[in-house]
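Just so it is clear, the values below take in all heavy atoms, side chains as well, and ignore hydrogens, waters and symmetry mates. This structure is a prediction, so every number in the text was calculated from the model and none was measured.
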Amino acid sequence: MKPRLNVVLVASAGLLLAAASICVQRAGAVKTNCFPELKQNEDPGRERCEQRKCEYEGQQSDNSPSCLWTRSGYIVSSVAENTNTQYSAVVTRQQDYNGPFPGSRDLDELRFSVKAISDNGLRITISDLGGVRYQVPKEALNIPEPGPTNPDATVYRWEANTSSSLLDVYQKTHPDQAIMSLLKTGFVFSDQFIQLSLGLDCQNIVGFGEHNHERLVHDRRYKRWSIFTRDASPTGPGNIYGAHPYFVCTDAGKHMSVLLKNSNAIEVELTPDGIVYRVLGGILDFYVFMASSPESLAQTYSAAIGHPLMPPYWSLGFQLCRWGYRNITEVQNVIARNRAIGLPYDAQYGDIDYMQNTMDFTIDATNYPGLSSMVDDLHSHGQKYFVILDPAISSDEEMHKQVLPSQRYEPYHDGLARGVYVKNLDDTVHEGEVWPGRTVFPDYTLSATQAWWERWVSDFYYNQSIRVDGLWIDMNEPASFTYEPHKPQNVCPNNTWNYPPYIPTSFIGDRFYEKTICMETKHNWGRHYDVHSLYGHSMGMQSYQTLRNLFPEKRPIVFSRSTFVGSGRYAQHWLGDNHSRWPDLHWSIITMLEFNLFGFPYNGADICGFVYDATREMCIRWTQLGAFYPFSRNHNIKEADGVRTRDQDPASWDAEAQKIMKDALFFRYKYLPYLYTLFHYAHTNGATVVRSLAHEFPNDTAAVRIDEQFLWGSAMLISPVLSPAKLSIRAYLPPEDGWYDAYTGEEVQETGLVMLDAPLEHINVHIRKGFILPWQTPSTTTVSSRNNGLGLLVAAKQLPNSNLKATGSLFWDDGESFETYTAKKFILHEFELSTDETSGNHVLVIRTPFNGYKDPNSLKFENITILGFDTSKDWSVSVNSEQHSEIRVNPNRKTLILDSLSLPLGQSHSITFAVRSAGTALASAVAVAICALLSTAVTGNNRWSLAI
């Protein structure tokens, strides 16, 4: 079906909401709530407000607090250094100035420092002058500070200790207005409660995580978000699996991002004029970055925290999982039926079902006999296998005697002997409860734990012969069932760590330690109160190193549910236990985009939803969307509300649904060379893989807030259906460059906000003019796909004087060896279409800046399709100076296709398109006319379809 395209004059509800929030007016200063312990719009009353020496305004209609902190009680008492690259001062508390919580001691003297750490970045720290406070260890996150190339090279400047601010930071391109200010008003620094307001002169805030944000650009009407890792589904506004106290702020050419390097519990309150931070420990350690665009800002941040892993090529294939495979026969049936329908399918997962009583490093011999043989069968078909591992280790020795043949759980006893478990204050091992029942928790910040963890992963691989290809680490917030809401009788010791003076009202739950372990417990890196949000990060680091040692020649691949700043160097991330509900499709796009900003380009949600049953329509639409998740996996729960959920793998649906899902996945597999190249640039320079329209069109005010569409790189725009019973969608096609339909190659005639046809079998994909995308004939696994011929899709951009322009690239290696880029074992191609000004000839060049790899399949570029070509002229085509006759043209769609090419991968090539002289054009003109008649005669113009 040919997609219908009409201009739409009425914006979607999301765009209207976005437009409304733009109209919020900035006030003179950030309104800081004097009663943060009360929920939004809860009024303390005038008397209580004035008892705290705050200003009472009464309840407001704009959600602003009724009781305002208007005082400032810290002053700069001495300055030790003041240059344009370094500032250091002592800040002293006035004696009559106290924080709101008497149980948290106010610090009298603070060290305040500002340092230029690069041309694009500065570091701001506020810490205890006389004492030692917890800081995120360098082993966990070490941000380089090379300094600016010269004192005048920075893109920012600052002014310290103004009348209202400790610091004003300016982007030099906007010298008249500070883009960020550290305000004196409301600043509190006590043992367990730190509060600081940032004034911001930029409107669009994106980031902070991990949460379920319903819009990409934040609502700034005093909305609060807490950051503290927790075992909680992404279904509400509370804190969930990861901790990423990082945001991006953009507005009218201003592009800034800010990281608070702190692993304690954090709350941020977004206001029309800025952000209020409330931090429950540690120090204030801000890293501020500025750049010329959102995409360059993402690259700057990635360079600071560490570029993400390069995933193996096979991991870009489609993957299947389920919690609730009752036995190995069920798994084998799922594998067989999805192979039988010809599904593109690269990896299978084993959830906790494969374990004996859900204990790590064990196999349920009754229900999963022959697991090793099943994994070998996957490998023989070019497929891979992941297993799940939880951090909690069973400590119930009575249960071990009953269910284990040896009556002894060796991983547990080995950990005891090595002393690897988290300890109580009295040095006894801390116990909790997870899937196996009573459990203990490895301290992954200990070097001894690395050796222990590696021993048992290796034992599973070699001695039990389960040849896993990757690890899936779960429940590592860390989760414990001991202190769940329905178990109020279970309590942690009554101390200031378990019961701090302030618990953010945006937290899920009433108890600070709910669903985790007690806060006073001890790790090598510090008290659990301080390092809680680093638990999954440290587990990811050690799991990564384990696989590095187990497979020294291959790239490790680890999925972690809990993450922290910089975890992307060691682990990938899936988006957790989502629900089979229509809103979750939209929310998954938002979180996917955010995690690309956080340094996790390889991420994705559970396709068709994890909890509850997806409907047929929902699963089709979700599979179409999920075909464009960087991590594309269908996964669901065994039961919901006591009822077993249905199978939702593609082969479990009817034949029509299967075909639609396969079509979407084959499209993905076709463009895996393009996707893989995007990951190369993410790994080497921090570019995003999936990005919002704002990254490519930062000056387009309509594009900035779009979050129902997204891009693969710069060139491919995906516009999915996200609601039920929709056969058309409103979408935004930025008018800056123009677009082609990815399936038909037709040029889009109308841009801006448009209406697109979207029948059930169709997901709208458009290719941006000016780009060249590599592709490969797809097959049912990436192993077999990599044997097939390559091609190029050239989306030509028309310039004045009939000139054409397009560029692109391809990164290619063996797809799995470790660090092929630094080892120089790769091929890099650069593609360029241009027009010779003198002759008027168009020239497509395939350059090879580097070739250090020989592909064993002797791959060749076999097809080149050019969109936007002037087919009204008769063209002579020469390939590497030799005439080429296998040419097809479609004058209706201005498409030219070169077939039967044989251009070896790794070599440079040149293709020239020259207009024939009038005397030789007649035969070609007849051929073009015949092609045009044939193209209109074929139903649906399938002859010219670009999709495979």
Is it the case that the side chains of Tyr629 and Trp622 hold a donor-acceptor pair, with the cut-off being a distance below 3.5 Å and no angle test? yes

Would you kindly check if the NZ (Lys) or CZ (Arg) of Arg548 is within the cone defined by 45 degrees around the ring axis of Phe818 and under 6.0 Å from the six-membered ring centre? yes

Taking the six-membered ring for Trp, are Trp314 and Phe386 parallel (under 30°), tilted (30 to 60°) or perpendicular (over 60°)? tilted

Evaluate the criterion ring-ring contact (aromatic ring centres under 6.0 Å, His included) for residue pair Trp712 and Phe628; output intermediate values, then yes/no. CA-CA 8 Å; Trp712 268 14; Phe628 296 92; 5.3 Å; yes

Give a yes or no on this: more than 12 heavy atoms of other residues, nucleotides or ligands lie within 6.0 Å of atom OH of Tyr821. no

Please check if any side-chain donor atom of Ser567 sits under 3.5 Å from a side-chain acceptor atom of His537, or the reverse. yes

Between Asn338 (side chain) and Leu343 (backbone), is there a donor-acceptor pair under 3.5 Å? no

Rounded to the nearest 0.5 Å, what separates atom CG in Leu867 from atom OH in Tyr740? 6.0 Å

Electrostatic pair Arg337:Asp647 at N-O distance under 4.0 angstrom: yes

Is it the case that the side chains of Asn476 and Ser560 hold a donor-acceptor pair, with the cut-off being a distance below 3.5 Å and no angle test? yes

Apply side chain to side chain donor-acceptor pair (under 3.5 Å) to Asn634 and Gln319, showing your working. CA-CA 6 Å; Asn634 179 312; Gln319 303 170 37; over 6 Å; no

Is there a side chain to side chain contact (heavy atoms under 4.5 Å, CB included) between Ile660 and His762? Walk through the geometry before answering. CA-CA 8 Å; Ile660 296 171; His762 184 73; over 6 Å; no

Asp474/Arg561 ion pair, N-O < 4.0 Å: yes

Okay, side chain of Arg668, backbone of Leu316: is any donor-acceptor separation there less than 3.5 Å? yes

Nearest 0.5 Å, what's the CD1-OG distance between Ile607 and Ser588? 9.5 Å

I want to check a possible cation-pi pair here: Arg215 against Trp587, using under 6.0 Å from ring centre and within 45° of the ring axis as the test. no

Does Glu708 come within less than 4.0 Å of Arg730, counting only side-chain N to carboxylate O? no

Does any part of the side chain of Leu672, heavy atoms only, come nearer than 4.5 Å to the side chain of Thr782, both counted from C-beta? yes

Assess the residue pair Gln709 and His766 against the criterion (side chain to side chain donor-acceptor pair (under 3.5 Å)); give the C-alpha distance rounded to whole Å, side-chain angles, the decisive distance to 0.1 Å, and a yes or no. CA-CA 11 Å; Gln709 303 165 257; His766 292 87; over 6 Å; no

Test: Arg230 and Glu210 ion pair at under 4.0 Å: no

So is Arg691 actually on top of Phe710's ring, under 6.0 Å and inside 45° of the axis? no

Pair Gln624-Val721, side chain to side chain contact (heavy atoms under 4.5 Å, CB included): steps then yes or no: CA-CA 9 Å; Gln624 291 171 333; Val721 173; 5.5 Å; no

Check Asp654 with Arg616, please: is the shortest side-chain N to carboxylate O separation under 4.0 Å? yes

For the residue pair Asn863 and Thr865, confirm or rule out a side-chain donor-acceptor distance under 3.5 Å. yes

Plane angle bin for Trp323 and Phe610 - parallel if under 30°, tilted between 30 and 60°, otherwise perpendicular: parallel

Kindly determine whether Gln383 and Val783 satisfy side chain to side chain contact (heavy atoms under 4.5 Å, CB included), including the steps that lead there. CA-CA 8 Å; Gln383 295 169 302; Val783 169; over 6 Å; no

His307-Gln299 side chain donor-acceptor pair, cut-off 3.5 Å: no

Would Asn857 and Asn787 count as having a side-chain donor-acceptor pair, cut-off 3.5 Å? yes

For Asp814 and Ser817, test the side chains for any donor-to-acceptor distance below 3.5 angstrom and give the result as yes or no. yes

Scan side-chain atoms only and decide if Asp707 and His586 contain a donor-acceptor pair under the 3.5 Å cut-off. yes

Going by heavy atoms in the side chains, are Tyr674 and Gln776 under 4.5 Å from each other? no

Using distance alone, with no hydrogens and no angle criterion, decide if Asp613 and Ser580 have a side-chain donor and acceptor under 3.5 Å apart. no

Is there a side-chain contact between Glu295 and Thr688 (heavy atoms, below 4.5 Å)? yes

Does a side-chain N-to-carboxylate-O contact under 4.0 Å join Asp376 and Arg467? no

Does some side-chain heavy atom of Pro308 sit less than 4.5 Å from a side-chain heavy atom of Gln572? no

I'd like to know if the side chain of Tyr669 pairs up with that of Thr780 as donor and acceptor (distance under 3.5 Å, no hydrogens or angles considered). no

Determine, step by step, whether Glu696 and Ser714 satisfy the side chain to side chain donor-acceptor pair (under 3.5 Å) criterion, reporting the C-alpha distance in whole Å, the side-chain angles of both residues, the deciding distance to 0.1 Å, and the verdict. CA-CA 7 Å; Glu696 292 297 315; Ser714 300; 3.0 Å; yes

Using distance alone, with no hydrogens and no angle criterion, decide if Ser784 and Thr781 have a side-chain donor and acceptor under 3.5 Å apart. yes

For Arg339, check salt bridge (Lys or Arg N to Asp or Glu O under 4.0 Å) against everything at least two apart and list the hits. Asp377

Heavy-atom side-chain contact between Glu477 and Tyr241 under 4.5 Å: yes

Before accepting this row, confirm whether a basic side-chain N of the pair Asp351/Arg322 lies closer than 4.0 Å to the acidic partner's carboxylate O. no

CA sep, side-chain torsions, deciding dist, call: Val387, Leu471, side chain to side chain contact (heavy atoms under 4.5 Å, CB included): CA-CA 6 Å; Val387 290; Leu471 295 180; 4.1 Å; yes

With distance as the sole criterion, is a donor-acceptor pair present between the side chains of Ser652 and Arg646 under 3.5 Å? yes

Tyr676 vs Tyr313, ring-ring contact (aromatic ring centres under 6.0 Å, His included): CA-CA, chis, key distance, verdict: CA-CA 7 Å; Tyr676 190 64; Tyr313 196 93; 4.8 Å; yes

Would you call the rings of Phe697 and Trp739 parallel, tilted or perpendicular, taking 30° and 60° as the class edges? tilted

Charged N to carboxylate O below 4.0 Å: is that the case for Glu330 and Arg644? yes

Steps toward ring-ring contact (aromatic ring centres under 6.0 Å, His included) verdict (His244, Phe600): CA-CA 11 Å; His244 296 275; Phe600 298 80; 5.5 Å; yes

Relative to each other, are the rings of Phe551 and Tyr461 parallel, tilted or perpendicular (30° and 60° limits)? perpendicular

Please verify the inter-ring angle class for Tyr743 with Phe667; under 30° counts as parallel, over 60° as perpendicular, anything in between as tilted. tilted

Geometric class of the Trp472/Tyr349 ring pair [parallel <30°, tilted 30-60°, perpendicular >60°]: perpendicular

Would you mind reporting whether Tyr602 and Leu309 have side-chain heavy atoms less than 4.5 Å apart? no

Using 30° and 60° as the class limits, which term best fits the ring planes of Tyr246 and Phe598: parallel, tilted or perpendicular? perpendicular

Can Lys825 and Asp813 be counted as an ion pair, charged N to O under 4.0 angstrom? no

Hey, can you tell me if Phe559 and Phe631 have their rings parallel, tilted or perpendicular (30° and 60° cut-offs)? tilted

